[in-house]
Every structure is written in C-alpha cells, then in structure tokens.
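Below you will find the structure I want to go over with you.
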Amino acid sequence: MLKLAPERLIDNEPLDLFAYLDGVVMGSGVFEDRFGRLRQRFHVTMRGTRKGDGIALDEVLVYGDGSEERRQWQLERLAGGGFSGRADDCVGVVTGSAEGGTAVLRYVFRLRIGGRIVPVRVVDRFYRINDRVVVDRARLSKWGVKLGELSLVYEKRA
C-alpha cells in the first residue's frame, strides 16, 4: 500500500505567486469542455526568473498527442497587491490579484480551435495547498458562454 507523508496544509496564508513561480515548477492537468468531457491531457514545465518587482516565465506544455506549446509571460507587481503583464498568446494586458491563499489572473487568450484562432476570456485561479503544491483552475468563455475548464496541479521543484 502506498503511504504518503502528510505535509502541513496551509489555510489562508498568503500565496506569493511570484515567489512560488521563481525557479522550476512542474505540473499535470486536463482540459474539459463545457459538458465535462475530457478533451486534453497535458504536462507543463514553468521556469521563472525574478526581475526586480516582476517575473519572467518560460512555459512549455506537452500534450497527450505529443504536440508542444511554448509561451513567454512577463508579470509585474502593482501597488496595492495586484499585478499586470503580457504573454505571447494573450490579447492586451493580463491583470491579477492575490488574496489569502489564492491568486487570480484574468486575460483574453488566443485559443486554437480546429485550425482557427479564437480569442477567449480566461479567469485563472491559483489555490495554495502547501509550500510545494498549488492547484490551478481556469474557466474559458466566449461572449459569456462557458467553453470549458482547465484543472492543473503544480509542484515546486527544489
């Protein structure tokens, strides 16, 4: 029988997303369509480098079919605890906030759907479980209609 050593769970301690993403973070996740059908499995490796009050992120996603995507993110802290930034596949500015053990990013993403590029609205929520594990849940929508949800578990590497 598999026995896991329990780690202390963190309840409402602040999630400093920049500190968490500094270094190497790896994860696995799924994308479900609006009907709850599994559409995609993937692994992600995120390499973060702190730059002053911001962070540069190099994200590599590997999908179940073997295809890969690479994305560059640049995020900066704002006064009052929020943040903003840009990413390769985003339209306009990424905005974010943090409260308690969660952080939220909001952006418009250029999603490839069957050979077309469609701008979709994303609300990306990060939940701190402990010092090493963060759960990411993202909702994708177009004109207010839910297209699907992404579920991802990140683990911080030493």
Side-chain angles (χ1 to χ4, degrees), residues 7-34 39-40 42-63 68-113 117-158:
E7 286 200 33
R8 182 178 76 88
L9 295 176
I10 296 173
D11 193 20
N12 287 327
E13 287 184 26
L15 169 59
D16 182 344
L17 193 59
F18 288 30
Y20 181 78
L21 293 173
D22 187 19
V24 178
V25 176
M26 299 181 81
S28 296
V30 295
F31 178 77
E32 297 171 283
D33 68 17
R34 68 176 167 226
R39 292 296 182 184
Q40 194 69 264
F42 59 93
H43 294 292
V44 63
T45 301
M46 186 96 68
R47 286 181 172 76
T49 305
R50 296 288 289 267
K51 294 185 175 184
D53 227 12
I55 190 164
L57 302 169
D58 180 28
E59 178 181 45
V60 177
L61 295 113
V62 179
Y63 295 97
E68 284 189 19
E69 277 184 32
R70 181 170 289 241
R71 188 167 298 110
Q72 302 286 321
W73 297 82
Q74 299 288 329
L75 298 175
E76 297 289 329
R77 285 188 200 275
L78 301 174
F83 37 94
S84 70
R86 298 202 174 274
D88 298 342
D89 296 338
C90 291
V91 177
V93 176
V94 175
T95 61
S97 61
E99 184 176 313
T102 66
V104 179
L105 292 176
R106 290 178 175 80
Y107 50 93
V108 175
F109 182 76
R110 293 181 186 102
L111 180 65
R112 184 175 305 280
I113 300 176
I117 303 291
V118 179
V120 298
R121 186 163 308 281
V122 180
V123 177
D124 207 348
R125 298 180 187 279
F126 299 84
Y127 301 94
R128 183 177 182 188
I129 303 300
N130 58 41
D131 289 334
R132 293 183 322 114
V133 177
V134 167
V135 173
D136 180 5
R137 298 272 301 157
R139 183 179 193 271
L140 286 72
S141 62
K142 178 78 175 173
W143 296 306
V145 176
K146 178 181 166 184
L147 299 177
E149 288 187 345
L150 174 140
S151 301
L152 174 61
V153 177
Y154 286 111
E155 183 177 10
K156 178 89 169 169
R157 299 298 177 174

Report summary line: In this structure, CG of Leu57 is separated from CG of Asp22 (nearest 0.5 Å) by 9.5 Å
Requested in this report: Identify the heavy atoms of Ser97 and Arg106 that sit nearest to each other, and give their distance.
Outcome: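 Looking at all heavy atoms of both residues, the closest pair is OG-NH1, 4.4 Å.
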Query raised in the report: Applying side-chain hydrogen bond (donor to acceptor under 3.5 Å, both in side chains), which residue pairs with at least one partner in residues 71-87 are found, sequence neighbours left out?
Result: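 Only Asp16-Arg77, Asp58-Gln72, Glu59-Arg71, Glu59-Trp73, Glu69-Arg71, Arg71-Asp89 qualify under side-chain hydrogen bond (donor to acceptor under 3.5 Å, both in side chains).
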Query raised in the report: With side chains defined as the heavy atoms from C-beta onward, is the minimum distance between Arg70 and Asp88 less than 4.5 Å?
Result: no
Report task. Please round to the nearest 0.5 Å and tell me the distance separating atom NZ of Lys146 and atom OG of Ser141. Result ->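 Rounded to the nearest 0.5 Å, the NZ-OG separation comes to 10.5 Å.
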Query raised in the report: Where do Phe31 and Leu147 come nearest, in terms of heavy atoms and distance?
Result: CZ-O, 4.3 Å
Query raised in the report: Roughly how far, to the nearest 0.5 Å, is the CE atom of Met46 from the NZ atom of Lys156?
Result: 11.0 Å
Report task. For the residue pair Leu21 and Tyr154, establish whether any side-chain heavy-atom pair is separated by less than 4.5 Å. Result ->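 No, every pair of side-chain atoms sits at 4.5 Å or beyond.
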Query raised in the report: Under 6.0 Å from the CZ atom of Arg139, do we count more than 12 heavy atoms belonging to anything else shown?
Result: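 Count over threshold, so yes.
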Requested in this report: State, with a plain yes or no, whether a side-chain heavy atom of Glu149 is found less than 4.5 Å away from one of Arg137.
Outcome: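 Counting from C-beta outward, Glu149 and Arg137 do come under 4.5 Å.
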Requested in this report: Report the residues that fulfil ring-ring contact (aromatic ring centres under 6.0 Å, His included) with Phe18, sequence neighbours left out, ordered by chain and then residue number.
Outcome: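 Once residues adjacent in sequence are excluded, the partners of Phe18 under the ring-ring contact (aromatic ring centres under 6.0 Å, His included) criterion are Phe83.
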Report task. Could you tell me which non-hydrogen atom of Asp124 sits nearest to which non-hydrogen atom of Ala138, and how far apart they are? Result ->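 Heavy atoms only, the tightest pair is OD1-CB, 3.5 Å.
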**Report entry** Val123 side chain near Arg125 side chain, heavy-atom distance below 4.5 Å
**Finding:**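 Yes - at least one pair of side-chain heavy atoms lies under 4.5 Å apart.
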Report task. Indicate the atoms forming the closest heavy-atom contact of Phe126 with Val134, along with that distance. Result ->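 Minimum heavy-atom separation between Phe126 and Val134: CB-CG1, 3.9 Å.
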**Report entry** Sidechain-backbone polar pair: Tyr20 side chain, Arg132 backbone, donor-acceptor under 3.5 Å
**Finding:**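 Here the side-chain-to-backbone pair exists.
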Query raised in the report: What are the two closest non-hydrogen atoms of Gly27 and Leu152, and how far apart are they?
Result: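 Nearest pair, atom of Gly27 first, then Leu152: C-CD1, 3.9 Å.
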Requested in this report: Return the minimal non-hydrogen interatomic distance between Lys51 and Ala56, and the atom names on each side.
Outcome: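 Shortest heavy-atom separation between Lys51 and Ala56 comes out as CE-CB, 3.9 Å.
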Query raised in the report: Rounded to the nearest 0.5 Å, how far does CG of Asp131 lie from CG of Leu15?
Result: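 Between atom CG of Leu15 and atom CG of Asp131 there are 10.5 Å.
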Requested in this report: Check whether any side-chain N or O of Arg39 sits under 3.5 Å from a backbone N or O of Glu32 as a donor-acceptor pair, and report yes or no.
Outcome: no
